[in-house]
Amino acid sequence: MTDFLLELRSEEIPARMQDKARDDLARLFTTELAKAGIATGTLVTYATPRRLALIARDLPAETAAVSEETKGPRTSAPPQALDGFLRKTGLTPDQLVDRDGVYYAVIDKPGRATADVLADAIPAIIRAFPWPKSMRWGDASTSTESLRWVRPLQGIVALLGTDIVPVEIAGIASGAATVGHRFHHSGVITIGSAADYVEKLHAAHVIVDQADRRAMIRARAEALAAEAGLELISDDGLVTENAGLTEWPVPLLGRFDPAFLDVPPEVIQLTARVNQKYFVCRDADGKLANAFICTANIDATDGGAKIIEGNRKVLAARLSDAKFFYDTDLKVPLDEQATKLQQIVFHEKLGTVADKVARVANLAEWLATEGIIPDCDPALARRAAELCKADLVTGMVGEFPELQGLMGGYYAAAQGEDPRVAAAIRDHYKPVGQGDDVPTDPVTVAVSLADKLDTLAAFFAIGQVPTGSRDPYALRRAAIGAIELISRNQLKLPFAVTLQRAFGCLIASFVRGLYEWQTSPAHVDEHHGLNAAEARFAASRIPISFYDLENPVRLDNNSTATYALVQAIPAPTAQQEALLAFFADRLKVQQREAGVRHDLIDAVFALGGEDDLVRLLARVHALQSFIGTADGTNLLAGYKRAANILKKEAPAGEGNDAAAQKPLSYTPEPAEADLIAALDAAEPAAADAVATEDFGAAMAALATLRAPIDAFFDDVTVNDPDADKRAARLALLDRVRAAVHNVADFSKIEG
C-alpha cells in the first residue's frame, strides 16, 4: 500500500473558493479511481493561495483483476440479434457462455497498475474541475478547447510513493518539484513523497494546512490584542479569509486616529472587515478601540512597522470616507430623506418604497391601537414606521447596504427622535434568519411585524407566491419572522382579521395612487377624481384586481354611484385564504424543526377555526407533553379503539346525538356507568380549561377517562344484540370521541 500526493500549483486562488475546491478535488479523485475499481481510503486535502493539494493514503499497487458479464440474446433468437451482440462485445460465437438458454459475454480484465490509473485520472480531474469562475491563458487561450483553471496553472506534482506519475496537460508536465514562499524562499523544492510534503513546504515558509494557518492567525491576533490591553472581536469568517490570503500569516497590530471613533462602531468594523480584511478590538469597557489587526504574508525585518504604517494609511482613507458619509447624512433630517423613497420602485405592481412605508405605518398604528401589541404607543409606532426605510437613500447605506436599519437608528437618535422610535428603526428587519434576535420592545415589534405582514400580503395579492425551491422575495423567511415575533411576544393576534387589515392597507395604497392619478394636472380639467371621504370608503372594499396600472378605473365623484360600485366588488378573500394556508404551512415547518412531532401539529390544526397562534402553539405543546405520558398513550389507544368501532358501526353524528340525549331504557353495567360518570365530570372540566386556555388542565381532565375506557372495553359488549343497548353504547363512545376532539383530533396522531 502506497501514499499518493497530488499538488496543482497556480497563481493566487481566491480565498472564498478554497474550501469548496478542496471538497471538489476529493470528490473528483474518488470518482475517477472508483471507475477503475480502486476504493480510496483516507484523503487529506490542502489549499493555500498558490496551491491545491491532495494526499491519498494506502493506495494498492495495482487494481484487482475483474470479470465483467454482459447479458445477450437467447440462444433461440434470430441470427441478426446474435450478430449485433457479437459486434457490441467484440467476441466470437465460441467465446460466449450459454446459461439456461441465454448467451453471456464474459470478459476477464486484468489488473492495472495504480500509476496508470492515476495518469489517466489526473487530466480528467483537472479538465472537469468546477471552479465558480475560471480562465484561459497564453497562446492556447484563443481556442475554447484550451485548458481552464481558476488562475494560470503552473505546475503539477504527482507522486505515488517516491515515483513520479507521468502526466502532461496543456504543456505542463508532472514532476516532484514545487516552489516555496514567494518572498521567503527562492528556487524549487524537490518533494520526496507524500510523507515529507508538509514538512518541506514548512521549511520553505509555506504552511500548507489551512487549519494550522487559521489557528495561528486566531491565536496571534488574540495575543496581540491582549498585549495591548484589548480584546479581539472574534470573526471566524475573517480568520478563514485571511488564512486563504496568506501562506505564512503574520498578524500585526496597528492604531488609527481615535477621532474616527465618532463614527458608529458597526461602520468602522464593516469598513475594516469588508474593504481591508482587518480585525478590530474592544477595550476593557466593551467599546470599540482605535486598534486594528492586519495579517501580513511575510516576516518583515523591521517587525512589520512599515506594513502597519501602510495599512494604517489605507484604513484612514477608508474611515475618512465613512466619516464623510456619516456627517453628511446627519445633516439631512430623516423626514426629508423619506421623501426620496417616492423615487425608488419597490415592485412594478406594488408601487414605490414610499407606498410600502405608508402601508406599514397604517398597519403598525392599527396593531398598537387595537391592543394586539400591548403597551405600544400608536403614535410612536406610526412615527417609527414612517422613518424605518429612510436610511435606504443615505450615502452610508448606499456604500454599505448591510447597514440598512442600523444607520437609520443612529440617525434617528442623533436627530432627537424618541429612543423607542430609534430602536424600532434599527431593529425592524429582525429577525432575519434562524437564530437571529427577536425584538421585544413594543414599538419595534409593531413596525417589524407590520413590515413583514405587508410584504406577504402585497406579493400574495399580485400572485408572486413561493413555488418549490423558488422564493425570490424571501416570503418564507418573512412568514417565519412574523411567527417568531408573535410567539416570542405572546401576542394575541387574530390572524384572519390582521391579514384582512393588511390587505386593506394595500388596497388603500392602490386607491390613493388612483386618486392621485385622477387628480393630477393631466386629468384634473376633465375629471375631478375621488374625494377623500370616498377614497377612504373605497379603500375598505376594492380588491387588488380592480386596480389596473394601464387602464385605471375612474371612480365617479357622485357618492351614490361610488358607493354602489365599491359595494358590488367582492373582497379579495382568495388571497387572504392562500396567505393563511401559507402561514399554517410555515408554522408546521418551524415546529417540526423545533422538535414537535408533525402528527401532533396536524392533530391541532385539524380542529380548524383557530387563528390565534399563541393559543394554537400552547395546545400543541400541551398535547406533546400529554402524549408522552402513560395516561396519554393509553387514552390514545382507547380513543382509536372507540373511533374504529364508530367508523365501522356508526359514522360520526349518524344518530348518535339523539341516542346520547335519550334516557337509558336499561340499567347500565358497572363499567358502563363508571364511564358515563367520568365523562360527565371530564367533558365540562376539559371544555372549561380550553375556554381559559389552560390546555394542561384540559389534558389532565381527559386523563381521568383512561381507566374507565379500559374497563369499559374489558367488561362491556358494545355490539349487544339489544338494539337500545347497542345504540346507547355507540353514543357513549361518540361522547368519548367528542370530548377528546375538544382538545385535539386524536385520529391524526400516530401510534
Side-chain angles (χ1 to χ4, degrees), residues 15-16 221 224-225 228 230-239 241-242 245 251-283 285-296 307-338 340-341 344 353 387-417 422-423 425-430 432:
R16 67 182 184 280
L224 286 170
L230 305 172
E231 179 187 359
L232 182 74
I233 296 178
S234 69
D235 189 331
D236 289 340
L238 195 53
V239 168
E241 189 164 12
N242 275 283
L245 294 170
L252 301 167
L253 185 142
R255 296 278 186 171
F256 59 84
D257 189 339
F260 288 123
L261 294 177
D262 293 339
V263 177
E266 294 87 352
V267 174
I268 296 175
Q269 185 171 0
L270 196 60
T271 299
R273 185 191 198 282
V274 173
N275 292 324
Q276 302 305 128
K277 320 305 178 192
Y278 299 163
F279 298 92
V280 292
C281 305
R282 61 171 66 94
D283 60 23
D285 297 326
K287 296 180 179 179
L288 191 71
N290 66 320
F292 67 92
I293 295 176
C294 60
T295 305
I307 295 174
I308 292 171
E309 179 59 19
N311 281 278
R312 185 195 65 76
K313 290 179 179 179
V314 175
L315 180 59
R318 294 289 190 178
L319 292 179
S320 293
D321 291 343
K323 192 173 190 309
F324 170 79
F325 286 132
Y326 181 64
D327 292 340
T328 302
D329 290 339
L330 276 179
K331 295 174 183 177
V332 183
L334 283 180
D335 280 317
E336 185 177 331
Q337 300 279 28
K340 302 174 188 176
L341 298 175
I344 303 176
V353 176
L387 300 178
C388 68
K389 308 293 183 185
D391 65 351
L392 293 178
V393 295
T394 61
M396 186 68 79
V397 173
E399 183 74 9
F400 296 113
E402 305 95 323
L403 296 177
Q404 58 186 281
L406 181 70
M407 293 313 303
Y410 276 114
Y411 296 147
Q415 293 173 3
E417 295 290 342
I425 295 171
R426 180 191 65 213
D427 295 333
H428 80 279
Y429 290 106
K430 295 181 178 182
V432 293

Short question: side chain of [X], backbone of [Y] - any donor-acceptor pair under 3.5 Å?
| X | Y | answer |
| --- | --- | --- |
| D285 | K287 | no |
| Q276 | V314 | no |
| E241 | D236 | no |

Is there a salt bridge (Lys or Arg N to Asp or Glu O under 4.0 Å) between K430 and D427 once you walk through the steps?
CA-CA 6 Å; K430 295 181 178 182; D427 295 333; 3.6 Å; yes
side-chain contact (heavy atoms from CB on, under 4.5 Å), that's the test. Do V393 and I344 meet it? Break it down for me.
CA-CA 9 Å; V393 295; I344 303 176; 3.4 Å; yes
Could you tell me if the side chain of [Y] sits less than 4.5 Å from the side chain of [X], heavy atoms only?
| X | Y | value |
| --- | --- | --- |
| D235 | R273 | yes |
| Q404 | Y429 | yes |
| T295 | Y278 | no |
| F256 | F292 | yes |
| Y326 | M407 | yes |
| D335 | L387 | yes |
| I425 | Y410 | no |

Does atom CZ of R255 have more than 12 heavy-atom neighbours from other groups under 6.0 Å away?
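More than 12 within 6.0 Å, yes.
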Separation of L270 CG from E402 CD (nearest 0.5 Å):
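If I round to the nearest 0.5 Å, the distance is 5.0 Å.
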What's the separation between atom CE in M396 and atom CG in D329, rounded to the nearest 0.5 Å?
6.5 Å
Checking side-chain contact (heavy atoms from CB on, under 4.5 Å) against I293, which of L252, L230, L232 comes through?
L232
Is K323 salt-bridged to D327, going by a charged N under 4.0 Å from an acidic O?
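A salt bridge is present here (some side-chain N lies under 4.0 Å from a carboxylate O).
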Pair D391-Y411, side-chain donor/acceptor within less than 3.5 Å:
no
